[in-house]
Amino acid sequence: MATSKIESASLASDAVDNTNIDSTLITAQTAITSLADTDKFLVSDASDSGNLKYVEKQYLPSGSFAKLSTVDISNGDSSVNFDSSIITTTYKQYLFIFTNIRPTTDNVYFQFKESISNGNGFLANDSDSFISVNNSSWSTTEVQNETLTNNTITKLTTGSIGNGALEGMSGQMFLSRDGASPSKANWELVSNNNAHVYHFHGASYRDDTSITNYIRFEWESGTYIGGRITCYGIDT
C-alpha cells in the first residue's frame with residue numbers, strides 16, 4: 001500500500017506546533033561535537049513577521065577570544081609546543097593560560113622560545129625581558145627585579161617554582177605578533193613554594209621582525225610533572 005504524502009497546503013496553519021512535535025525528531029538524530037562554517041541553525045526572523053529561516057554558523061556573532069588548543073601535560077614531558085597550525089596569521093594577539101603546572105626539578109625558572117620555522121630552530125640572542133617578583137615572606141617594600149638582554153630564551157620567572165604536591169604555578173601571558181613589527185609579551189604568574197606565594201609580572205620584546213609561528217614553553221632544566229596550558233587567539 002502506497003504511503004500518502006501530506007502536502008503543506010492540506011495542513012491548518014496551526015496544525016504543527018510545539019505540542020504536536022515529538023522530541024525524538026531532534027533527539028533521535030546523530031549528535032555532532034564540532035561545527036563547520038556552513039552548518040545551519042533554524043531561526044525565527046523577527047524582521048520578517050517571524051518567518052522561519054536558517055542562518056549558517058559562519059554568520060553568527062562570536063566572541064573576541066577563540067580557544068585554539070589545550071595541552072594536558074603528562075609527567076615527563078620536556079616541553080609544551082604550539083606550532084604553525086595554531087600560531088598563524090589569523091590572529092595578531094594570543095593569550096596563554098597556565099593551570100597548576102609543575103616541574104620535576106625543584107626551584108627552577110620557567111621560559112619560552114619563539115621560532116619562525118615551525119620549531120626547526122629558535123630565534124637567538126634577540127630577546128630583552130624584565131621580571132619583577134614579590135614574596136609573601138618578604139617585607140612590604142621588598143621587590144626583586146631581573147633584566148635579561150639579547151637572550152635566546154625569554155625568562156618568565158625567577159627560579160622559584162616548586163615541584164611539591166601542593167606547589168606549582170598558574171597565570172597568563174599575552175603575546176603580540178603583528179607582521180613586520182617585533183613580537184612583544186607581558187605576563188602575570190603566581191606560584192607557591194615552601195609555603196610562600198610568589199607573584200611574578202614581566203614583559204619582553206624580541207627585535208627580530210620575522211613572523212613567529214611556533215612557541216615552546218619549558219623549564220630551565222628537567223621536565224614537567226603535569227598541568228595544563230591553553231592557547232586563545234584574540235580578534236583585535
Side-chain angles (χ1 to χ4, degrees), residues 63-73 77-103 108-116 118-119 122-123 126-134 143-149 151-162 167-178 181-193 197-208 211-220 223-236:
S64 297
F65 290 77
K67 182 187 287 189
L68 304 178
S69 177
T70 296
V71 178
D72 287 311
I73 304 169
D77 287 348
S78 59
S79 65
V80 176
N81 305 303
F82 296 91
D83 64 19
S84 61
S85 69
I86 299 165
I87 311 300
T88 68
T89 56
T90 300
Y91 300 99
K92 297 179 181 179
Q93 301 275 350
Y94 290 86
L95 170 64
F96 296 92
I97 302 292
F98 309 101
T99 304
N100 198 36
I101 61 174
R102 286 195 294 147
V108 291
Y109 61 75
F110 191 54
Q111 64 186 37
F112 80 93
K113 300 175 182 176
E114 296 180 49
S115 173
I116 61 174
N118 199 28
F122 293 91
L123 297 172
D126 62 354
S127 174
D128 288 3
S129 60
F130 172 85
I131 311 168
S132 182
V133 57
N134 304 82
V143 177
Q144 292 183 3
N145 299 314
E146 184 172 334
T147 301
L148 296 176
T149 57
N151 214 300
T152 300
I153 60 107
T154 298
K155 193 172 174 181
L156 299 174
T157 69
T158 58
S160 306
I161 312 302
E167 298 179 331
M169 186 196 77
S170 298
Q172 61 276 329
M173 183 187 89
F174 286 93
L175 176 71
S176 172
R177 41 165 300 288
D178 181 13
S181 298
S183 64
K184 306 172 185 68
N186 64 282
W187 57 89
E188 186 168 17
L189 306 168
V190 175
S191 74
N192 51 311
N193 191 8
V197 61
Y198 289 78
H199 175 219
F200 305 94
H201 61 273
S204 69
Y205 165 89
R206 190 174 291 281
D207 58 16
D208 189 292
I211 299 176
T212 297
N213 63 5
Y214 189 102
I215 301 291
R216 169 170 291 174
F217 293 101
E218 60 188 7
W219 299 105
E220 166 193 4
T223 59
Y224 289 91
I225 290 177
R228 171 180 287 185
I229 303 179
T230 302
C231 175
Y232 293 84
I234 306 174
D235 287 324
T236 57

message: Ring-plane angle category for Y94 and Y91, please: parallel below 30°, perpendicular beyond 60°, tilted otherwise.
response: perpendicular
- request: Take the angle between the ring planes of F217 and F110 and call it parallel below 30°, perpendicular above 60°, tilted in between.
  value: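 Judged by the thresholds at 30° and 60°, the geometry between F217 and F110 is parallel.
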Counting C-beta onward and ignoring hydrogens, is there a side-chain heavy-atom pair between [X] and [Y] closer than 4.5 Å?
X    : Y    : value
F96  : I215 : yes
T223 : D77  : no
T157 : W187 : no
F98  : I73  : no

Under 3.5 Å, is there a donor-acceptor pair linking the side chains of [X] and [Y]?
X    : Y    : answer
T154 : S127 : yes
S84  : N213 : no
N145 : S132 : yes

- prompt: Please walk me through it: do T230 and T99 pass side-chain contact (heavy atoms from CB on, under 4.5 Å)?
  reply: CA-CA 8 Å; T230 302; T99 304; 5.7 Å; no
Which heavy atom in [X] sits nearest to a heavy atom in [Y], and how many Å separate them?
X    : Y    : result
V108 : E220 : CA-OE1, 3.4 Å
L175 : S183 : CD1-CB, 4.4 Å
R228 : D72  : NE-OD1, 2.6 Å
D207 : P182 : CA-CB, 4.0 Å
Q172 : L189 : N-CD2, 3.8 Å

Set of side chain to side chain contact (heavy atoms under 4.5 Å, CB included) partners for E218, sequence neighbours left out: S79, Q111, K113, R216
S160: side chain to side chain contact (heavy atoms under 4.5 Å, CB included) partners, not counting sequence neighbours: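 Here the qualifying residues are T158, Y198, F200.
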message: If the test is side chain to side chain contact (heavy atoms under 4.5 Å, CB included), which one of I161, V190, N192, N100 qualifies with M169?
response: I161
